[in-house]
Amino acid sequence: EDYPMNIDSRVQKLEKQIKNLKKMLGGVAALALAALIGGTVLGVHAASGTFNNITAKNIFLKDNSGKLRVALKGSKGNLYLYDSSGKARVTLSGKNGILYLKDSSGKPRVGIYGNNGILELRDSSWKTRVKLTGSNGIVKTWKSNGQVLHELGKGSNTSGPHTHPVAKHKHTATTTIR
C-alpha cells in the first residue's frame with residue numbers, strides 16, 4: 001500500500017481480474033441453469049403425467065440434505081444461489097440488471113450494475129477499492145482508508161483521455177495515454 005504498482009501494472013492486474021470474473025460468471029450462470037433445468041426435470045419425472053410448461057411464481061431447489069441452494073423468485077425477477085451454509089453467494093436481479101457476488105459472510109464483494117455499466121470490486125470491509133464506469137470510461141482505485149489512489153479516464157477541465165494521479169508515491173509512474 002505504501003508503494004503501489006504503476007498504472008500499467010494496475011491496469012494489467014485489473015484486466016486479469018476481469019477475465020477471471022468473466023470465467024467465474026460463466027460458470028455460475030451455467031451452474032444456475034443446470035440446477036434449474038435439473039430440478040425441473042426431476043420434478044416433472046417425479047410427478048405423474050407429462051408437462052409442456054411449468055408455471056410458478058417461485059421455484060426453490062434444495063440439496064439432498066434439504067438445504068436451500070437455488071431460489072428463483074418470479075415476482076421480483078431475481079435468482080439467488082446459496083452455499084452449503086445457507087448464505088446467498090450470488091444474487092442476480094433481472095429487474096435492475098444487477099449481479100452481486102458475495103463472500104462467505106454475505107457481503108457483496110463484486111457488483112455489476114448493467115443499467116449503469118458499472119463494475120465495483122469491494123474489500124472485506126465493503127469499501128469500494130476498484131470501480132470501472134462504462135458510461136464515462138473511468139477506472140478508479142482507492143486505498144483501504146477510502147482515499148482515491150488513481151483515476152484513469154477523462155478528468156475535469158481537460159480534453160482527451162489521460163491518467164490522473166491522485167497521490168504521489170515513490171516508485172509510482174504516471175502514464176499519459178493518447
Side-chain angles (χ1 to χ4, degrees), residues 1-40 58-153 166-167 169 172:
E1 187 123 337
D2 292 336
Y3 299 97
M5 295 182 276
N6 67 34
I7 196 70
D8 293 331
S9 297
R10 293 181 74 77
V11 169
Q12 287 176 353
K13 185 176 178 182
L14 284 172
E15 288 174 346
K16 184 177 179 182
Q17 289 174 340
I18 291 169
K19 185 178 179 180
N20 290 337
L21 177 63
K22 284 180 182 180
K23 288 179 185 178
M24 185 173 65
L25 290 177
V28 167
L31 177 65
L33 184 59
L36 184 61
I37 291 171
T40 302
N58 299 304
I59 297 173
F60 301 98
L61 302 177
K62 296 182 177 185
D63 63 16
N64 290 337
S65 64
K67 292 182 181 178
L68 181 64
R69 297 307 296 263
V70 178
L72 180 60
K73 298 186 177 182
S75 60
K76 295 182 178 184
N78 291 348
L79 172 69
Y80 303 91
L81 302 179
Y82 298 89
D83 64 15
S84 59
S85 67
K87 296 208 186 264
R89 297 295 297 270
V90 177
T91 301
L92 176 62
S93 171
K95 178 181 178 184
N96 300 315
I98 296 173
L99 174 66
Y100 287 119
L101 303 177
K102 301 175 182 182
D103 64 17
S104 59
S105 66
K107 292 180 184 175
R109 297 292 298 271
V110 176
I112 299 175
Y113 307 89
N115 290 347
N116 301 319
I118 294 173
L119 168 66
E120 281 187 338
L121 305 176
R122 297 174 182 257
D123 64 16
S124 59
S125 302
W126 209 59
K127 292 178 184 174
T128 301
R129 298 298 300 274
V130 177
K131 186 173 185 178
L132 305 165
T133 307
S135 60
N136 57 10
I138 291 179
V139 177
K140 206 170 188 180
T141 61
W142 288 264
K143 292 181 179 182
S144 60
N145 66 4
Q147 181 182 6
V148 175
L149 185 61
H150 289 98
E151 184 173 345
L152 174 65
V166 178
H169 299 283
T172 300

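Everything quoted here is computed from the prediction, not taken from an experiment.
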Any side-chain heavy atom of [X] within less than 4.5 Å of one from [Y]?
{"X": "W142", "Y": "K131", "result": "yes"}
{"X": "L152", "Y": "I138", "result": "no"}
{"X": "Y100", "Y": "Y80", "result": "no"}
{"X": "K140", "Y": "V148", "result": "yes"}
{"X": "V90", "Y": "L99", "result": "yes"}
{"X": "R109", "Y": "L121", "result": "no"}
{"X": "R89", "Y": "L81", "result": "no"}

*Is T141 reaching over with its side chain to a backbone N or O of H150, donor-acceptor style, under 3.5 angstrom?*
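Such a contact is found between T141 side chain and H150 backbone.
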*Can you name the residues that form a side chain to side chain donor-acceptor pair (under 3.5 Å) with S124, not counting sequence neighbours?*
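Here no residue qualifies.
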_Under the side chain to side chain donor-acceptor pair (under 3.5 Å) test, residues paired with D103 that sit two or more places apart_ = S105
_Contact list for residues 64-73, test salt bridge (Lys or Arg N to Asp or Glu O under 4.0 Å), sequence neighbours left out_ =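 Listed by first then second residue: D63-R69.
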[atom1]/[X] to [atom2]/[Y] distance, rounded to the nearest 0.5 angstrom?
{"X": "L132", "Y": "L119", "atom1": "CG", "atom2": "CG", "result": "4.5 Å"}
{"X": "L101", "Y": "I112", "atom1": "CG", "atom2": "CD1", "result": "6.5 Å"}
{"X": "S104", "Y": "K107", "atom1": "OG", "atom2": "NZ", "result": "10.0 Å"}

*Please name the pair of heavy atoms, one in L149 and one in K143, separated by the smallest distance, quoted to 0.1 Å.*
CD1-CE, 3.7 Å
*So, for L68 and Y82, which heavy atoms are closest and what is the spacing to 0.1 Å?*
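In this case the closest contact between L68 and Y82 is O-CB, 3.4 Å.
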*Among side-chain atoms of K127 and S144, is any donor-acceptor pair under 3.5 angstrom?*
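There is no such pair between these side chains.
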